[in-house]
Amino acid sequence: MNANDVTHSAFSDESYYVSSRYRSIALVSLERIHVDSISAEFESILSESGMSEFKWSDLGGARERFAAIKLIDKVIEISLSGKLRVDVLIWDIADSRHSIRQRDDQANLQRMYFHLFDSTIRIRWPSGSIWELFPDEQSAIDWPKMSEVLLHSGRDFRLESDLFSPDYFRYGLFHDYKIRRIQELDSHDNPLIQLADLFAGMGAYSYSCYEKFVQCEKDLNGQMSFELCDNEENLVEVSKRDCERCKVISHLNRVCKKHRLSVSLITKQGFYSYKPDYPINFWMYETQHPNDKAPTIQ
């Protein structure tokens with residue numbers, strides 16, 4: 001294995017994996033030559049914000065909100081230059097694919113990671129790229145097992161695996177890229193994994209707490225600025241913690257509109273990208289065919 005020929009790097013984390021109806025994973029990807037300089041820019045923001053690590057789960061006050069907004073602004077700036085992209089995959093465990101008996105959530109998470117890795121690496125970046133992947137070491141994934149699949153690539157690869165459908169191999173989804181290594185990292189020491197955590201958190205939260213966002217907007221503006229929901233009777237109480245998070249959601253929505261990134265919040269009542277090739281991409285997983293079901297516990 002030659003790590004010196006790696007051309008691209010990707011950093012990942014998941015959010016709301018255990019108990020939420022909506023769950024998500026995010027992938028921050030970029031050319032390897034930019035990793036150090038871009039990481040340093042985000043480290044500087046965290047340092048100026050008086051934080052050693054950003055976690056979506058800790059976002060409950062003004063300090064974390066201001067830091068999140070600065071991180072978002074820097075992500076947008078760098079992504080518009082073509083140096084970085086963020087892809088977020090969200091799924092609903094109440095849909096037809098996931099609402100089944102004895103659903104195996106860990107195996108399903110593995111499949112969702114593969115969907116996100118493959119679609120981002122194969123479609124969004126140049127063919128022939130050589131990758132290194134850095135997931136958060138606190139992930140629920142069995143990365144050694146996942147590596148058995150992802151570290152193999154090329155036209156001779158036909159590994160039989162219980163992780164994925166044979167369709168992945170039948171249609172040659174591994175043929176356009178190579179993955180040289182997968183190394184779990186401590187998010188505390190890696191700001192790009194912290195970015196993945198932020199965007200994964202925003203992706204799932206935007207769906208699960210959309211009504212709270214509506215109420216927060218009303219409370220802040222004194223009235224509805226647009227038709228956010230069917231009627232006000234559906235509105236809910238919003239805690240200070242939720243309000244801080246909703247302010248971050250609102251900020252991302254505004255800057256995406258400002259830069260015409262084709263990211264919608266209102267239409268789907270959660271973040272959704274109409275042009276997934278754009279550098280900020282929120283993807284709500286939809287069943288691919290009638291037999292596309294989440295794996296079950298055997």
Side-chain angles (χ1 to χ4, degrees), residues 12-26 28 42 45-46 48-76 86-93 136 138 187-188 191-222 224-226 228-229 232 234-258 261 263-273 280-284:
S12 65
D13 202 2
E14 66 247 21
S15 193
Y16 296 100
Y17 163 68
V18 177
S19 58
S20 177
R21 170 181 170 179
Y22 294 99
R23 306 176 183 192
S24 59
I25 48 179
V28 175
F42 290 113
I45 290 173
L46 293 171
E48 292 170 0
S49 301
M51 301 177 66
S52 59
E53 179 179 12
F54 180 89
K55 285 183 173 291
W56 174 260
S57 60
D58 292 339
L59 200 166
R63 185 182 68 157
E64 294 84 5
R65 167 167 53 89
F66 288 135
I69 287 172
K70 290 177 183 178
L71 291 171
I72 289 169
D73 288 344
K74 181 58 67 174
V75 166
I76 298 298
V86 182
D87 294 87
V88 184
L89 175 56
I90 307 153
W91 62 99
D92 178 2
I93 63 169
D136 179 19
Q138 299 300 318
S187 62
H188 184 275
L192 298 183
I193 291 179
Q194 295 173 43
L195 288 183
D197 172 81
L198 168 60
F199 275 81
M202 289 191 293
Y205 185 87
S206 67
Y207 284 88
S208 63
C209 295
Y210 182 79
E211 289 184 348
K212 293 182 179 181
F213 167 75
V214 171
Q215 184 62 58
C216 183
E217 287 285 290
K218 181 185 178 185
D219 292 345
L220 291 173
N221 299 325
M224 290 294 183
S225 56
F226 39 73
L228 293 166
C229 63
E232 293 193 14
N234 293 330
L235 300 184
V236 295
E237 292 185 4
V238 182
S239 67
K240 180 180 183 299
R241 182 183 187 84
D242 283 317
C243 192
E244 296 293 353
R245 294 182 176 193
C246 289
K247 290 175 183 177
V248 173
I249 295 293
S250 182
H251 180 77
L252 176 61
N253 186 46
R254 287 196 303 272
V255 295
C256 284
K257 281 181 167 48
K258 175 182 177 181
L261 290 171
V263 175
S264 171
L265 175 61
I266 310 307
T267 305
K268 302 285 187 179
Q269 297 192 355
F271 282 125
Y272 181 88
S273 293
I280 306 299
N281 174 32
F282 289 91
W283 168 24
M284 171 60 78

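Values reported hereafter were calculated over all heavy atoms of this structure, with side chains retained and with hydrogens, waters and symmetry mates removed. Since the model is a prediction, treat every value here as computed from it, not as a measurement.
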Asks: How long is the span from the OG atom in Ser12 to the CG atom in Leu89, to the nearest 0.5 Å?
Replies: 12.0 Å
Asks: For Ala196 and Val28, work out which heavy atoms get closest and say how close.
Replies: N-CG2, 3.8 Å
Asks: Of the non-hydrogen atoms in Ala204 and Tyr22, which two are nearest, and what is the gap between them?
Replies: CB-O, 3.7 Å
Asks: List the residues meeting salt bridge (charged side-chain N to carboxylate O under 4.0 Å, His left out) with Lys258, not counting sequence neighbours, and say none if there are none.
Replies: none
Asks: Using modelled atom types only, decide if a donor and an acceptor are shared between the side chain of Ser208 and the backbone of Arg21 within a distance under 3.5 Å.
Replies: no
Asks: Distance from Ile76 atom CD1 to Leu261 atom CG, nearest 0.5 Å?
Replies: 5.5 Å
Asks: Is there a side-chain contact between Val86 and Val75 in this structure, where contact means two heavy atoms from C-beta onward sitting under 4.5 Å apart?
Replies: yes
Asks: By salt bridge (charged side-chain N to carboxylate O under 4.0 Å, His left out), which residues pair with Asp197, not counting sequence neighbours?
Replies: none
Asks: Please report the shortest heavy-atom distance between Asp242 and Val238, naming the atom on each side.
Replies: CB-CG1, 3.5 Å
Asks: Grab the two heavy atoms, one from Cys246 and one from Tyr205, that are nearest each other, plus how far apart they are.
Replies: SG-OH, 3.8 Å
Asks: Please list, chain by chain and in numerical order, all residues satisfying side chain to side chain contact (heavy atoms under 4.5 Å, CB included) with Arg241, sequence neighbours excluded.
Replies: Ser239, Arg245
Asks: State the CD-OG distance between Gln194 and Ser52, to the nearest 0.5 angstrom.
Replies: 8.0 Å
Asks: Within this structure, what is the CD-CD1 distance for the pair Glu53 and Ile193, rounded to the nearest 0.5 Å?
Replies: 9.5 Å
Asks: What heavy-atom pair brings Ile249 and Ser206 nearest, and what distance separates the two atoms?
Replies: CD1-CB, 4.4 Å
Asks: Are any of the side-chain heavy atoms of Glu64 and Met51 separated by less than 4.5 Å?
Replies: yes
Asks: Any side-chain heavy-atom pair from Tyr272 and Ile266 closer than 4.5 angstrom?
Replies: no
Asks: Checking Arg63 side chain against Gly50 main chain: does a donor-acceptor pair fall under 3.5 Å?
Replies: yes
Asks: Consider side-chain contact (heavy atoms from CB on, under 4.5 Å). Of Phe271, Phe282, Trp56, which one does Phe199 pass it with?
Replies: Phe282
Asks: Do Phe54 and Leu71 touch side chain to side chain, with heavy atoms closer than 4.5 Å?
Replies: yes
Asks: With a 4.5 Å cut-off on side-chain heavy atoms, are Gln269 and Val214 touching?
Replies: no
Asks: May I ask you to test the Ile72-Met202 pair for a side-chain heavy-atom distance under 4.5 Å?
Replies: yes
Asks: Nearest 0.5 angstrom please: Leu192 CG to Asp136 CG, how far?
Replies: 12.5 Å
Asks: Hey, could you give me the SG/NZ distance between Cys243 and Lys212, rounded to the nearest 0.5 Å?
Replies: 11.5 Å
Asks: Going by heavy atoms in the side chains, are Val263 and Leu252 under 4.5 Å from each other?
Replies: no
Asks: With a 4.5 Å cut-off on side-chain heavy atoms, are Tyr207 and Asp92 touching?
Replies: no
Asks: Glu217 and Ser250: which non-hydrogen atoms are nearest, and at how many Å?
Replies: OE2-OG, 3.2 Å
